[in-house]
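Comments concern the structure below.
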Amino acid sequence: TTKQATALEAFDTALAEKRRQWSDSTVKSSSTIFKRFRGYLTKQHLADLPATHIKRRHISEFLKILTREGKSPTTVNNYKTDISSVFAQMVENEHIENNPAASIKRLEQKPLKNHPFTPQQVAQIRGYLGEQSKLIRFMRVMAFSFLRNSEVLRLRVGDVDMENRILSPRDTKTSKIEKIYIIDQLHDIFKKMDLDKRDPESFIFNRNGEPGPWKANLQTKKKVYSDIFREMANDLGLGPEYTIYSIRHTFAYNLYKHFEKQGFSEYEIKAKMLPITRHRSISALENYLRDLIRMMPKDYSDKLTFDF
């Protein structure tokens with residue numbers, strides 16, 4: 001008979017497979033999560049037991065420990081999502097029959113940052129910045145490509161294929177290499193930047209908002225653009241719940257409402273949005289949309305049945 005894999009052996013095998021699928025940034029950001037969970041398995045004397053002995057209650061208790069330590073609901077939910085993805089791989093590897101983390105409910109979280117802008121706020125931002133601002137070009141690339149600010153800052157001229165309208169960013173949150181269709185609005189932006197006359201190894205955005213070299217680490221680059229955004233936001237009276245990342249959420253919410261007005265079902269909307277937002281799964285997209293919708297005010301006029 002074949003020796004049954006221990007919980008830690010099965011977990012490590014599945015984790016190694018998932019890491020080959022994930023981008024470098026995801027591997028790096030999730031390393032603390034898995035180090036903590038492996039330590040928990042060992043401390044609870046679960047590591048050397050058969051993988052099938054890991055139950056829902058064990059993972060729930062681990063997440064409760066994080067909550068008691070003061071971890072935010074968002075952090076705990078991120079831990080749960082990443083651990084669940086590894087257990088899903090363990091199912092694929094036939095080390096376990098069911099994913100014990102799949103049925104654990106996410107903690108309720110109050111979204112504070114990255115609120116979507118209203119159409120009026122978008123118009124204010126456009127008017128404030130003007131057409132020549134490096135920040136508006138940067139935010140437009142984020143919006144029309146659905147890339148994160150860090151991913152836009154990693155973009156190089158050689159990643160842009162204008163002829164075939166393909167953008168190939170390196171090391172995004174969901175994969176090492178992605179292929180993104182360059183829609184008309186994005187094509188116009190890149191065309192005005194004269195990318196065909198630039199060194200392929202130049203970054204799309206340097207400190208001056210133009211294609212060129214930029215010898216700085218990613219955190220420094222992000223701060224340059226975030227500081228410009230915050231100055232603008234303060235002048236426009238936008239609170240801390242709005243960040244440069246809000247523009248990506250704004251366009252995602254706009255897409256969602258567009259498909260909703262066209263009469264598509266929830267499932268159809270998600271199926272249409274998944275290849276655009278490029279979340280890892282429908283479940284990840286659902287969580288993202290749930291937070292977006294919660295952030296935006298609702299009209300409940302038709303729900304009131306009394307006159308006052």
Side-chain angles (χ1 to χ4, degrees), residues 19-29 114 117 122 125-233 242-252 275-280:
R19 280 176 165 164
R20 284 194 287 272
Q21 300 169 23
W22 292 338
S23 68
D24 291 342
S25 57
T26 299
V27 170
K28 186 177 179 180
S29 65
N114 310 324
F117 301 118
V122 171
I125 290 168
R126 192 169 59 239
Y128 178 95
L129 292 175
E131 289 300 309
Q132 302 307 313
S133 163
K134 63 182 178 182
L135 181 59
I136 200 161
R137 280 199 300 272
F138 186 83
M139 291 176 69
R140 280 172 173 168
V141 171
M142 282 184 68
F144 296 133
S145 67
F146 276 92
L147 287 171
R148 297 160 182 85
N149 53 344
S150 58
E151 294 164 352
V152 171
L153 286 165
R154 289 194 193 100
L155 280 178
R156 296 178 185 267
V157 171
D159 297 334
V160 183
D161 180 348
M162 292 287 280
E163 184 179 352
N164 296 302
R165 301 180 76 124
I166 296 173
L167 182 62
S168 305
R170 314 169 202 189
D171 190 21
T172 66
K173 187 175 180 180
T174 50
S175 68
K176 291 183 186 295
I177 299 177
E178 285 203 69
K179 300 291 183 185
I180 299 171
Y181 185 78
I182 299 175
I183 63 173
D184 290 347
Q185 295 90 330
L186 191 56
H187 192 273
D188 289 345
I189 295 169
F190 288 151
K191 190 173 181 180
K192 290 175 183 176
M193 296 175 83
D194 294 325
L195 298 185
D196 57 326
K197 300 174 184 176
R198 310 286 185 166
D199 178 355
E201 284 303 305
S202 288
F203 290 103
I204 295 289
F205 287 98
N206 62 12
R207 182 180 289 274
N208 300 319
E210 300 171 349
W214 193 359
K215 293 182 179 179
N217 63 41
L218 186 58
Q219 287 306 115
T220 299
K221 293 178 179 182
K222 286 169 69 174
K223 188 175 187 304
V224 167
Y225 282 90
S226 293
D227 285 351
I228 300 170
F229 175 87
R230 183 44 50 197
E231 182 181 347
M232 174 205 71
Y242 297 100
T243 71
I244 198 168
Y245 208 76
S246 294
I247 194 66
R248 187 172 181 267
H249 292 347
T250 302
F251 276 66
I276 299 173
T277 63
R278 302 181 300 280
H279 283 84
R280 286 187 205 167

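With sequence neighbours excluded, the residues forming a side-chain contact (heavy atoms from CB on, under 4.5 Å) with S226 are I244, listed by chain and number. Take E163 and apply the side-chain contact (heavy atoms from CB on, under 4.5 Å) test, not counting sequence neighbours, and it matches D161. With sequence neighbours left out, R248 forms a salt bridge (Lys or Arg N to Asp or Glu O under 4.0 Å) with no residue at all. Partners of R198 by side-chain contact (heavy atoms from CB on, under 4.5 Å), not counting sequence neighbours, listed by chain and number: V157, P211. Scanning for salt bridge (Lys or Arg N to Asp or Glu O under 4.0 Å) contacts around R165 gives D184, with sequence neighbours left out.
Taking the side chain as every heavy atom from C-beta outward, I136 and I125 never approach each other to under 4.5 Å. Residues Y225 and M139 are not in side-chain contact: their nearest non-hydrogen atoms beyond the backbone lie 4.5 Å or more apart. Residues V160 and L155 are not in side-chain contact: their nearest non-hydrogen atoms beyond the backbone lie 4.5 Å or more apart. Between F146 and I180, the closest side-chain pair of non-hydrogen atoms is not below 4.5 Å. Between V122 and R126 the shortest side-chain heavy-atom distance falls below 4.5 Å.
Between the NZ atom of K191 and the CD1 atom of I189 there is a distance of 13.5 Å, given to the nearest 0.5 Å. A distance of 9.0 Å separates CE in M142 from CG in L153, rounded to the nearest 0.5 Å. In this structure, CZ on F251 lies 10.0 Å from CZ on F117, to the nearest 0.5 angstrom. Atom CE of M162 is separated from atom CG of L186 by 8.5 Å, given to the nearest 0.5 angstrom. To the nearest 0.5 Å, atom CE of residue M193 and atom CG of residue D188 are 13.0 Å apart. N149 contributes atom CG, which lies 7.0 Å from atom OH of Y245 (distance to the nearest 0.5 angstrom).
Aromatic pair F229/Y242: centroids not less than 6.0 angstrom apart.
Between the R137 side chain and the G209 main chain, a donor and an acceptor come within less than 3.5 Å of each other. Remark: the backbone N or O of I276 is paired with a side-chain donor or acceptor of R278 at under 3.5 angstrom.
D159 and R154 get closest at one heavy-atom pair: OD2-O, 4.2 Å. Smallest separation of non-hydrogen atoms from L167 and S145: CD2-CB, 4.2 Å. Taking both residues in full, the closest heavy atoms of E151 and L147 are given as OE1-CD2, 3.3 Å, listed atom of the first, atom of the second, then distance. Heavy-atom minimum distance, R156 versus P200: CB-O, 3.7 Å.
Using bins of under 30°, 30° to 60° and over 60° for the plane-to-plane angle, the ring pair F205/F138 lands in the perpendicular bin.
The 12-atom threshold is exceeded at CD of Q185, counting heavy atoms of other residues, nucleotides or ligands nearer than 6.0 Å.
Among residue pairs with one or both ends in residues 207-224, those qualifying as salt bridge (charged side-chain N to carboxylate O under 4.0 Å, His left out) are K223-D227; sequence neighbours excluded.
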